[in-house]
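Quick notes on the structure that follows.
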Amino acid sequence: MIDFNRPPFVGKELEYIQQAVNNHKLCGDGEFTRKCSAWMCEHFKANHVLLTTSCTSALEMASYLSDIRPGDEVIMPSYTFVSTADAFVLRGATCVFVDIHPETMNMDERLIEDAITDKTKAIVPVHYAGVACEMDTIMDIAKRHNLKVVEDAAQGVNAFYKGRALGTIGDFGCYSFHETKNYSMGEGGAIVFNDDRYQEPAEILREKGTNRSKFFRGQIDKYTWVNYGSSYLPSDMNAAYLYAELEEADKIDKKRHAIYNFYNEALKSLADRGLIEQPVVPEYAHHNAHMYFIKVKDLEVRTDLIRYLRSKGVCAVFHYIPLHTSDAGKRFGRFHGEDRYTTKESERLMRLPMFYNLDMKDAEYVADCIRTYPGFN
Ligand SMILES: *Cc1c(COP(=O)(O)O)cnc(C)c1O
């Protein structure tokens, strides 16, 4: 069976975990946590990168730090993972979903302004597949309407918009290091921001409402409870795993692009015959080959093709069920405007196996299976 995903493994992970154990420092903000943050600050030109236990918790922090309150509205795509919405719904906000661009599956920035009301507090662009949203337009709208921008860059680590790292453009950026993402620590994430004013509140929120981070830096001689907070700090053992991957980020990036480009070439003939559609990357985006998807004619073909691939030992998957069609989505949100593409395109989309340690021979086999699928011949 060719798996859909395996967590990345580059080689030094266990050595670094051993080192974290030897340091007798397994809790957060140890050597490897600091190394990961410093690496990202440097490579992504960000002022502050705080590791968190997940992208979901980074989004929750961003929601708190954006001062989201009950009754506020937050604009986001419906075609996204539940965490994008959950983080704001937890603060009592209503999700206002807008439609997507069919080519990139990213929120259509031209539809945002019409969805703004006097309750709107934030815009949450999701960089689907590590392909940047049209950030200049989004930032301009946010500025004119005095809204916060929280980038859900869970899939956008080490991807860029006009040369700027995703996650560093809005007020906050949220990364995921879940095992399904390009760089991993099992479960984990990070919150990114440039404005120094957020540093202290973010640290307090992450450290159970205490000023423990300041204490560790020797800036105060004892730490106390200073505000509300939670526990969003990951273990240094997990950070050790992540640091091994960040050190090899170029290698991981190259391999993923090799797989992406291979699929793209190998399946082009099907696209030329109008049987599938391939992903489109806008000029302004430098993507990170987070995923490779194709779109087939409709839900029926997709179901049959996934079943066929299964029978050939290939695990291909689909996602997302649009949030506005789910039980919770109906309770906590509303779709603004017409759902021209969200539902229709989500039903046609299928993801192919894509992970760092995928054997190119296996990628060839996957492409062969798709090309010889009876429905295409
Ligand atoms: C993976 C993902 C998340 C959640 O990441 P976790 O680290 O698992 O919390 C959120 N948003 C998007 C778009 C994702 O792909």
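In this text, all values refer to a predicted model and were calculated from it rather than measured experimentally. Each ligand, and each atom within it, is numbered from 1 in the order the structure gives.
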For the residue pair His324 and Phe335, does the interplanar ring angle fall in the parallel (under 30°), tilted (30 to 60°) or perpendicular (over 60°) class? tilted
Hey, is Glu345 close enough to Lys295 for a salt bridge, meaning N to O under 4.0 Å? yes
Going by distance alone, is a donor N or O of one side chain under 3.5 Å from an acceptor N or O of the other, for Asn106 and His101? no
List, pair by pair, the atoms of ligand 1 and of the protein that are both N or O and lie under 3.5 Å apart, giving the separation rounded to 0.1 Å.
| residue | atom | partner | partner atom | Å |
| --- | --- | --- | --- | --- |
| ligand 1 | 5 (O) | Ser176 | OG | 3.3 |
| ligand 1 | 7 (O) | Cys55 | N | 2.8 |
| ligand 1 | 7 (O) | Ser176 | OG | 2.7 |
| ligand 1 | 9 (O) | Cys55 | N | 3.3 |
| ligand 1 | 9 (O) | Thr56 | N | 2.8 |
| ligand 1 | 9 (O) | Thr56 | OG1 | 2.5 |
| ligand 1 | 11 (N) | Asp152 | OD1 | 3.3 |
| ligand 1 | 11 (N) | Asp152 | OD2 | 2.8 |
| ligand 1 | 15 (O) | Gln155 | NE2 | 2.8 |
| ligand 1 | 15 (O) | Lys181 | NZ | 3.2 |

What pairs with Asp108 under salt bridge (charged side-chain N to carboxylate O under 4.0 Å, His left out), at least two apart in sequence or on another chain? Arg110
Could you work out, with side chain to side chain donor-acceptor pair (under 3.5 Å) as the rule, every residue matching Glu247, not counting sequence neighbours? Tyr16
So, using side chain to side chain donor-acceptor pair (under 3.5 Å) as the criterion, who are the partners of Arg273 when residues are at least two apart? none
